[in-house]
Participant: 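Shown below is the structure under consideration.
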Amino acid sequence: MVQLNYTTEGICLKYTDINDIYLKATELKGKTFGEIDKQGRLDNHFNKGGYGHVIEESHFGYSINSDRNPDFNEAGVEMKVTPIKKNKNGTYSAKERLVLNIINFNTEITKTFRESDFWKKNEILLLIFYLYNKELSRTNQKIIDSLIYKYPESDFKIIKNDWQHINNKIKAGKAHELSEADTMYLGACPKGANKANGMIVQPNSYIKAMRRAYAFKQSYMTSLVRKYVKGNETNKRIISKPSDLEKHSFEQLIKKKLSPYKNMTEIKLKRKFGINSKAKNINEILLGEMLGIDGKISKSEEFIKANIIPKTIRLNTNKTITESMSLSPFKYEELINELWEDSNLRHLFSSTKFLFVIFKFDSDKVLRFYDIKLWNMPLEDLDQAFKKVWQKTKDLVNNGDIVKRISKLGIRTTYFPTKSDNPVGHVRPHAQNAQNTYPLPVKDQLTGLETYTKHSFWLNNTYILKQIKDLI
DNA sequence: GCATGATCATGC
DNA sequence: GCATGATCATGC
């Protein structure tokens, strides 16, 4: 029910019932923020929380608070306004992660999950989705739909484990090492304009850490969008019994499921699952079958929500790895306009987990399934070493300094950072052939070329080997 | 021998 | 037609 309360600030409404809140929220559908805003808040372009404030004030008749309680405290509902975007292929995605409350490092570590600021504030969410259109002003952005969101049990267990992981890291004095890619659905994202003014003290360490907020990953939000807002897409879960997640992590459960297949040859696995494909992602298909998903593992619910990318590693008999690991090609024109903090490369590694699927050659040179590892790049490697690779590549493209010389057979040597230049990664071609190119923003000085063979950032084979050292 | 450049094979 | 995952070929 809705109560009228008389306060010193005048009359204000109190929603005590979730259904009343939801009913009121449904009236927003199809409206623009300009139509809702009675206070002219959106004229202030610096007011980032503007959309949420407009709806709280003008639509629900609430005064703004920013305390540790949910927005609709009596009903225990926290309201969030969040953008979705339409993709070129017609599907919809979340435009960004959903940022929740700031983490108080000092108090949060003294609490259990149920007592935590995170749970206290975000147990039930009212999500209001608007369609982001960059051609339109803030007042003309339109609301698409609203949703009262309570976590499904399977998500809840994973989120609880994520919270625990974040909490453990802060307790250990490692708040400065927190990466969004550490966790599955709930992450600790940077909060603050930049490193210069966002650094705060943390418990159990003298090193200052970036201020951080809880956030649901963009991948998690996208799956919500596709299930509840635009479409009813569902994907098969790997962990069918959520209660299994009480005693084991997601990674441990996968390992357990895969243990019967350990040491089986690739050939036997293919025969077992009736797969004839010679596709280069055959191992991804095999892994899906081993985990009981029909098809590619990247289509499972957990992999989509947590943004996990499977990668195959082939371990030699002498415990080395022959090949480095490729990523998607970058566009030269995009690269030179990026800042490191918002770059595609940094974004990839700070939000993505990788599932290393390790096959090992036996003494007869037969490939056998060996082990898996869920991995994400430590922030230090990303912001120190790998950043240098990115910076050098950017500078070279910017200066048109790409080709060093051309061999008799026409093979070109470049100035791009090589494996020996950097402990983490390097830059190499990644294309169908040398004629498969992207435009260059600056002509190559030596050759005068205006387009160049697609290149990718690669992870060094030696770096990969280090990351799986504990398994071999 | 292996680092670096080039290209393959499939499927969406 | 090309993105993606992967592996081959050249030359230092």
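Naming convention: chains lettered A, B, ... in sequence-line order (proteins, then strands); numbering from 1 in each chain.
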Participant: Sequence neighbours left out, what passes ring pair (Phe, Tyr, Trp, His ring centres under 6.0 Å) with A:Y463? Give chain and number order.
Facilitator: none

Participant: In terms of the angle between their ring planes, are A:Y151 and A:W119 parallel, tilted or perpendicular, with boundaries placed at 30° and 60°?
Facilitator: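 Rings of A:Y151 and A:W119: tilted, as their planes differ by 30° to 60°.
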
Participant: Taking only residues two or more places apart in sequence or in another chain, which ones pass side-chain hydrogen bond (donor to acceptor under 3.5 Å, both in side chains) with A:Q218?
Facilitator: none

Participant: So, do A:F113 and A:F156 have ring centers that fall under 6.0 Å from each other?
Facilitator: yes

Participant: With sequence neighbours excluded, what pairs up with A:D362 under the side-chain hydrogen bond (donor to acceptor under 3.5 Å, both in side chains) test?
Facilitator: A:R368

Participant: Do any of residues 360-378 of chain A sit with a heavy atom less than 4.0 Å from DNA chain C, and if so which?
Facilitator: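 Listed by number, there are none.
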
Participant: Which sits closer to the 5' end of DNA chain B, A:I285 or A:K454, going by the nucleotide each is nearest to?
Facilitator: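 Checking each residue's closest nucleotide, the 5'-ward one belongs to A:K454.
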
Participant: Mind checking whether A:Y332 and A:F330 have ring centres under 6.0 Å apart?
Facilitator: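 They qualify: ring centres under 6.0 Å apart.
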
Participant: Using a heavy-atom distance cut-off of less than 4.0 Å, which residues of residues 312-337 of chain A contact DNA chain C?
Facilitator: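 Contacts with DNA chain C under 4.0 Å: A:T312, A:R314, A:E323, A:S326, A:S328.
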
Participant: Heavy atoms only, 4.0 Å cut-off, all strands: where does A:L409 land among base, sugar-phosphate and nothing?
Facilitator: sugar-phosphate

Participant: Sequence neighbours excluded, which residues qualify as side chain to side chain contact (heavy atoms under 4.5 Å, CB included) partners of A:T91?
Facilitator: A:N87, A:N89, A:R226

Participant: Could I get the full list of side-chain hydrogen bond (donor to acceptor under 3.5 Å, both in side chains) partners for A:N101, not counting sequence neighbours?
Facilitator: A:N122

Participant: Salt bridge (Lys or Arg N to Asp or Glu O under 4.0 Å): which pairs involve residues 153-168 of chain A, sequence neighbours left out?
Facilitator: A:E153-A:K157, A:D155-A:K305, A:K157-A:E246

Participant: Taking five pairs at each end of the helix from B:dG1-C:dC12 to B:dC12-C:dG1, what angle separates the two helix axes (nearest 10°)?
Facilitator: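 The two end axes of the helix from B:dG1-C:dC12 to B:dC12-C:dG1 meet at 20°.
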
Participant: On DNA chain B, reading 5' to 3', which nucleotide is the first and which the last to sit with an atom under 4.0 Å from a heavy atom of chain A, could you check?
Facilitator: B:dA3 to B:dG11

Participant: Considering only heavy atoms, which members of residues 422-453 of chain A lie under 4.0 Å from some atom of DNA chain B?
Facilitator: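 The answer is A:R428, A:P429, A:H430, A:A431, A:Q432, A:N433, A:A434.
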
Participant: List the residues meeting side chain to side chain contact (heavy atoms under 4.5 Å, CB included) with A:E450, not counting sequence neighbours, and say none if there are none.
Facilitator: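 Testing A:E450 for side chain to side chain contact (heavy atoms under 4.5 Å, CB included), a comparison that skips the adjacent residues, returns A:K443.
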
Participant: Centres of the A:F354 and A:F349 rings: under 6.0 Å?
Facilitator: yes

Participant: Is the closest basic N to carboxylate O distance between A:K360 and A:D371 below 4.0 Å?
Facilitator: no

Participant: So among A:Y261, A:F359, A:F361, which one has a ring pair (Phe, Tyr, Trp, His ring centres under 6.0 Å) with A:F369?
Facilitator: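 Per the ring pair (Phe, Tyr, Trp, His ring centres under 6.0 Å) rule, the option paired with A:F369 is A:F359, out of A:Y261, A:F359, A:F361.
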
